Amino acid sequence: MSTVSALPFLKSSLLMRPPMGSITPRRGRRHTLPASEFRCLSPEDAISVFEIEREAFISVSGECPLHLDEVCHFLTLCPELSLGWFEEGRLVAFIIGSLWDQEKLAMDALTLHKPHGSTVHLHVLAVHRTFRQQGKGSILMWRYLQYLRCLPYVRCAVLMCEDFLVPFYQKSGFKVQGPSDITVGPLTFIEMMYPVRGHAYMRRNSGV
């Protein structure tokens, strides 16, 4: 899979002016980090990802969507389907996805990446506790969905969530598909879908 067409979208995005950096006596250069940056994650980000995820989910449901080894697994196999939001070099929010090759999610979708699939399964979206209630989750989701439009092999995005999160994802354009076939212990989920490629896109690119 090639992500060349998506690279311009993921160049460092400055949402505000970066802070003034310190000037080193040795070279007189000013060192700054981007005030705000979006980029795909890598295995080196796994620990930061898991720390945010663990705090966000354990306190609410007692379960993490991905354990640390699974985070490393997906960030190794398909880092191009992840997106992290960094402020001054610090991870503050992230999404991790993988490819799936069926209309509905099954238990295997929790751990497998299907390289020839055209559906992106969103495993987890989480925001660091210091940055919640600021709209960052919605902004990150919007950017992620726009990024998926740059990947020609992606046709739709799917996720499963608990009932109370349905309105949040509906605001991002996801539609309820019905109860998920997947359960985790006592937890049940609603499956939702976002059409990255609609019929208009398919007609426009079919040569008809």
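What you see is a predicted model, and the numbers here were worked out from it, not measured in a lab. Nothing fancy with the numbering, it's 1 onward along the sequence. Heavy atoms only: backbone and side chains are in, while hydrogens, waters and symmetry mates are out.
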> If you draw a 6.0 Å radius around CD in Q102, do more than 12 non-hydrogen atoms from other residues or ligands fall strictly inside?
Replying inline: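 More than 12 heavy atoms, drawn from other residues, nucleotides or ligands, come within 6.0 Å of this atom.
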[X] side chain vs [Y] backbone, donor-acceptor pair below 3.5 Å:
X	Y	value
H128	T130	yes
S172	F174	no
H121	A109	yes
Q177	K175	yes
S82	L41	yes

> Same hydrophobic cluster for L110 and L112, using side-chain heavy-atom links shorter than 4.5 Å among ILVMFWY?
Replying inline: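 As far as the 4.5 Å side-chain criterion goes, L112 and L110 are not connected within one cluster.
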> Looking at H113, E70, H123, which hits side chain to side chain donor-acceptor pair (under 3.5 Å) with S98?
Replying inline: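 Option passing the side chain to side chain donor-acceptor pair (under 3.5 Å) with S98: H123.
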> Taking NZ, NE, NH1 and NH2 as the nitrogens, is one of them in K136 or E87 under 4.0 Å from a carboxylate oxygen of the other?
Replying inline: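 Salt bridge flag = yes for E87 with K136.
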>> Do the side chains of E37 and R143 get close enough for a salt bridge, i.e. N-O under 4.0 angstrom?
In response: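 Salt bridge: no.
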> Do S36 and W85 meet the criterion of a side-chain donor-acceptor pair at a distance under 3.5 Å?
Replying inline: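 Yes, because at least one side-chain N or O of S36 sits under 3.5 Å from a partner of the opposite role on W85.
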> For E44, what residues pass the side-chain hydrogen bond (donor to acceptor under 3.5 Å, both in side chains) criterion, not counting sequence neighbours?
Replying inline: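 side-chain hydrogen bond (donor to acceptor under 3.5 Å, both in side chains) list for E44, sorted by chain: S42.
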>> Once side-chain hydrogen bond (donor to acceptor under 3.5 Å, both in side chains) is applied, do any residues pair with Y194, and if so which ones, sequence neighbours excluded?
In response: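 If we apply the side-chain hydrogen bond (donor to acceptor under 3.5 Å, both in side chains) test to Y194, skipping adjacent residues, the hits are R149.
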> Under the criterion side-chain contact (heavy atoms from CB on, under 4.5 Å), which of L77, T76, V71 is the partner of H73?
Replying inline: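 The single option meeting the side-chain contact (heavy atoms from CB on, under 4.5 Å) with H73 is L77.
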> Distance from C40 atom SG to I96 atom CD1, nearest 0.5 Å?
Replying inline: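 It is 11.5 Å, given to the nearest 0.5 Å.
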> Which class fits the ring pair Y144 and Y147: parallel under 30°, tilted 30 to 60°, perpendicular over 60°?
Replying inline: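 Y144 vs Y147 ring planes: tilted.
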